[in-house]
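Have a look at the structure below, then the notes.
FYI, side chains are in, hydrogens and waters are out, and symmetry mates aren't considered; it's all heavy atoms of this structure. Chain letters run A, B, ... following the sequence lines, proteins first, then strands; residues in each count from 1. Just so we're clear, the structure is a prediction, and the values are computed from it rather than from any experiment.
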Amino acid sequence: MLRDGLFLETLQIKGPYNFDLVLDRLSMDPLNQVDIDSRSVKVPMLIENEAVIAHVQAVGTLDNPKFIIKGTEGENIVKAEKRLAEIFQWDVPLEIISEHFRKTDLAPIFEQHYGTPLVLDFDPFSCLLKCIIHQQLNLSFAHTLTERFVNTFGFEKEGVWFYPSPETVAALQVEELRALQFSGRKAEYVIGIAMEVVKGNLDFTSLRDQSNEEIYKQLIKIRGIGPWTIQNFLMFGLGRLNLFPVADIGIQNALKKLYKLDVKPTLEEIESFSKGWEPYLSYASLYLWRSIE
DNA sequence: AACCAGGGAAGAT
DNA sequence: ATCTTCCATGGT
């Protein structure tokens, strides 16, 4: 339905799906344009290299989720809607996943956050940059640092900020990022990764069709990208369902809290806890993070 | 005022 | 191959 230069669509999906909890989590990142009262968010996407913004608003309930989607009229409406479905995991059967955890130690947490989907980052390249920037920083400072980065080098459209393009980032100097309080090392990582993309050595479209292992082998070679970054990228960049970042401090603290441990669990303990959570380890990770947020 | 943070590279065994 | 140190800065 077209009106006033907008495309407008109502969408109904299978429940359970708790969009209010989605907005709750998205609002942790100051770059996300979330409006809790109207139950909506503006989603910046790159469709066929074109910046597109979709306004997604929940109008349904947990068990009968409905959305109103608005966007600027263009040629890629179908692709934009497909991408939205992927980002918000509208086709993932949350009931089945929730059922899977009902007989595990995570049951109470899954009860508490029932209907929470794993929402993807809005763009794979942005996801990777965000992972690098967030490495070894507390969430609060990490968010101000990414916000500062995007506001300085990215671009704004219809009130939403886009991360800078690989070309823009590749052309930056370390000193420009140091001025934003990046460490020298972090600045080198970010610029270096953008250069790999510009040179064509890192292509996110082709990554989509590769296995986790193939992607790992390719990304681990790039300076600044380690296991934690790859696991996060596979989860939030590509939406893979079975990742568990054992080295993640947040996961460790969540497990410590869940099992009432005096110290953070060892690698072996974590491995043994997570037995039985497959093949949905990403959802275990997500709900563990939620449990300490 | 220490100590920690949703890590990873580089150097040392 | 595996262990240790350094990076850099804000938060608590």
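Remark: F122(A) CZ to L84(A) CG distance equals 9.0 Å, nearest 0.5 Å.
Aromatic rings of Y163(A) and F125(A) (six-membered ring for Trp) have centroids beyond the 6.0 Å cut-off, not under it. A centroid separation of less than 6.0 Å is found between the aromatic rings of Y17(A) and F67(A).
Here the C1' atom of nucleotide dA5(B) and the CD1 atom of I292(A) are 12 Å apart, to the nearest Å. Atom pair E188(A):CD and dC6(C):C1' shows a separation of 14 Å (rounding to whole Å applied). Between the CG atom of L128(A) and the P atom of dG8(B) there is a distance of 11 Å, rounded to whole Å. Counting to the nearest Å, the P atom of dG6(B) and the CG atom of L118(A) are 18 Å from each other. Remark: C1' of dC7(C) and CZ of F182(A) are 15 Å apart, rounded to the nearest angstrom. Following rounding to the nearest Å, K186(A) (NZ) and dG7(B) (P) show an atom-to-atom distance of 9 Å. To the nearest angstrom, C1' of dG7(B) lies 14 Å from CG of L139(A). At whole-Å resolution of the value, CD1 in I251(A) and C1' in dG7(B) are 14 Å apart.
Distances shown here put every side-chain N or O of N138(A) at or beyond 4.0 Å from the OP1 or OP2 atom of dC3(B). Between R178(A) and dT9(C) there is a side-chain N or O to OP1 or OP2 distance below 4.0 Å. Contact between the side-chain N/O atoms of K264(A) and the OP1/OP2 oxygens of dA5(B) is found at a separation under 4.0 Å. Contact annotation: R185(A) does not reach the phosphate of dA10(B) (side-chain N/O to OP1 or OP2, under 4.0 Å).
Side chain of R223(A), nearest nucleotide from dA10(B), dG8(B), dT9(C): dA10(B). Checking dG11(C), dG6(B), dG7(B) against every side-chain atom of S140(A), the shortest atom distance belongs to dG11(C). Here the nucleotide nearest the side chain of Q135(A), chosen from dG8(B), dT9(C), dG6(B), is dG8(B). Comparing dG6(B), dG11(C), dA8(C) by their closest approach to the side chain of W289(A) singles out dG6(B). Nearest to the side-chain atoms of D248(A) among the listed nucleotides dG6(B), dA9(B), dG11(C) stands dG6(B). Each of dG11(C), dA5(B), dA10(B) was ranked by its minimum atom distance to the side chain of I249(A); first place goes to dA5(B).
dC4(B) and dC6(C): their C1' atoms are spaced 16 Å apart (whole Å). Look at the C1' atom in both dA1(B) and dT9(C): the space between them is 16 Å, to the nearest Å. With both ends at atom P, the span from dG11(B) to dA8(C) equals 14 Å, rounded to whole Å. As rounded to the nearest Å, dG7(B) and dT12(C) have P atoms that lie 16 Å from one another. Across the P atoms, dC3(B) and dT5(C) are found 15 Å apart, a figure rounded to whole Å.
At a cut-off of 3.5 angstrom, the base of dG6(B) holds no donor-acceptor pair with the side chain of R290(A).
Judged by distance alone, with hydrogens and angles left aside, the side-chain atoms of R148(A) form no donor-acceptor pair with the main-chain N or O of H143(A) at under 3.5 Å.
In the displayed structure, E167(A) atom CD is contacted under 6.0 Å by more than 12 heavy atoms of other residues, nucleotides or ligands. Within 6.0 Å of the CZ atom in R208(A), the count of heavy atoms belonging to other residues, nucleotides or ligands does not exceed 12.
Nearest-nucleotide assignment on DNA chain C puts the 5′-proximal partner with Q136(A), out of Q136(A) and T144(A). Projected onto DNA chain B by closest heavy-atom contact, I222(A) and G250(A) fall at different nucleotides, the more 5' of which corresponds to G250(A).
Legend: residues meeting side chain to side chain contact (heavy atoms under 4.5 Å, CB included) with S211(A), ordered by chain and number and at least two apart, are E213(A), E214(A).
Side-chain contact, D105(A) with W277(A): no donor N or O sits under 3.5 Å from an acceptor N or O.
The stretch residues 227-239 of chain A touches DNA chain B through P227(A), W228(A), T229(A), each having a heavy atom within less than 4.0 Å of the strand.
Applying the ring pair (Phe, Tyr, Trp, His ring centres under 6.0 Å) test to every pair with at least one member in residues 183-216 of chain A, sequence neighbours left out, gives these pairs: F204(A)-F233(A).
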